[in-house]
Protein chains: 2
Amino acid sequence: MSSRNNECEIIHAGIVEIVRAKMYAEPVLAEVSALFKIMGDSTRCNILCALSQHEMCVCALAVLLNMTKSAISHQLRILREANLVRSRREGKNVFYSLDDDHVRDIFGKAAEHVIEKKK
Amino acid sequence: MSSRNNECEIIHAGIVEIVRAKMYAEPVLAEVSALFKIMGDSTRCNILCALSQHEMCVCALAVLLNMTKSAISHQLRILREANLVRSRREGKNVFYSLDDDHVRDIFGKAAEHVIEKKK
DNA sequence: ATTATAGTTGAACAAGTATTCAACTGTCAA
DNA sequence: TTGACAGTTGAATACTTGTTCAACTATAAT
């Protein structure tokens, strides 16, 4: 009863279709992975973590993270274009803050995971 | 590295110290960003999403995602080393499943964020 | 107007990475 | 033992990306 087709494909075809039907739609998955990709850089993670405490200007973030304003600004642009942070000008300063409470939630869950895993 | 007598540093020094005191410890932040980095690839995101529905063997994942077994296996190794998935051999097949419910949570929050943002 | 500080931007470089390819191991059946 | 299928692995390639550097804009004060 052998076949030239892939055995595994035949045997597990049911599972493949069941899982496919329950998965998030492709556009959603693409955006989810894009979101994680943006959060998956240590500089941006630090920025998000800082902004989840208080709004800050570029210069203050640069001091906090011991990096150049340029490097911070580049990363802030990425976060801004992803609608994760929002900016507000006040005189010479541009203050950034979190644009969405979901970010705080996602961040919290991840930190919880990491901390609990350490034990 | 901005400058030593930076006006902003002086003006916002208070905020910097307050935020620094409230931020997650550096090792935690490093692991959090590492976690997001791992989840921030569309192939791995698809794998995690699939495994959050049902355990699957490499071959089935390859069929589901229309990729080579080699490519899937490489990504599974990364997920395994991060303790996000676990493997179990059964005859010729190796079945993978989520190693942690946190992943499902984090994933869910992110999807919620994306879906709500679309409106 | 000039000067100083805050912030942005584009190009370039260095470092990282996902997939492919080919060769390999492990398991099972004939 | 041989052949077939499931899965893994290392090297190579092509692509992505974070930071630096230098030049730029914007705002405010002298």
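Below, chains carry the letters A, B, ... as their sequence lines are ordered, and counting in each starts from 1. The figures here come from the full heavy-atom set of this structure, side chains too, leaving out hydrogens, waters and symmetry mates.
- The distance from atom NZ of Lys69(B) to atom P of dA23(C) is 16 Å, rounded to the nearest whole Å.
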Begin from the C-alpha positions of Val16(B) and Arg20(B) and carry the test side chain to side chain contact (heavy atoms under 4.5 Å, CB included) through to its verdict. CA-CA 6 Å; Val16(B) 168; Arg20(B) 200 195 304 273; 3.6 Å; yes

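- Using a 4.0 Å heavy-atom criterion, one finds that Phe95(B) contacts no nucleic acid atom at all.
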Step by step, work out the side chain to side chain contact (heavy atoms under 4.5 Å, CB included) result for Met67(B) and Thr43(B). CA-CA 9 Å; Met67(B) 293 177 68; Thr43(B) 297; 3.7 Å; yes

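- Lys117(B) NZ: more than 12 foreign heavy atoms inside a 6.0 Å radius.
- Remark: the Thr68(B) side chain and the dC21(C) base include no donor-acceptor N/O pair separated by less than 3.5 Å.
- An OP1 or OP2 oxygen of dT8(C) is reached within less than 4.0 angstrom by a side-chain nitrogen or oxygen of Tyr96(A).
- Atom pair Leu79(A):CG and dT17(D):C1' shows a separation of 14 Å (rounding to whole Å applied).
- Less than 4.0 Å separates DNA chain C from no heavy atom of any residue of residues 46-58 of chain B.
- A donor-acceptor contact under 3.5 Å is not formed by the side chain of Ser70(B) with the base of dT8(D).
- You cannot call His74(B) stacked on the base of dT19(C); the centres under 5.5 Å and planes under 30° rule is not satisfied.
- Heavy-atom distances under 4.0 Å link DNA chain C to Lys37(B), Asp41(B), Thr43(B) of residues 35-43 of chain B, given in residue order.
- Taking the six-membered ring where the residue is Trp, His102(A) and His113(B) present perpendicular rings, their angle passing 60° and hence far from 30°.
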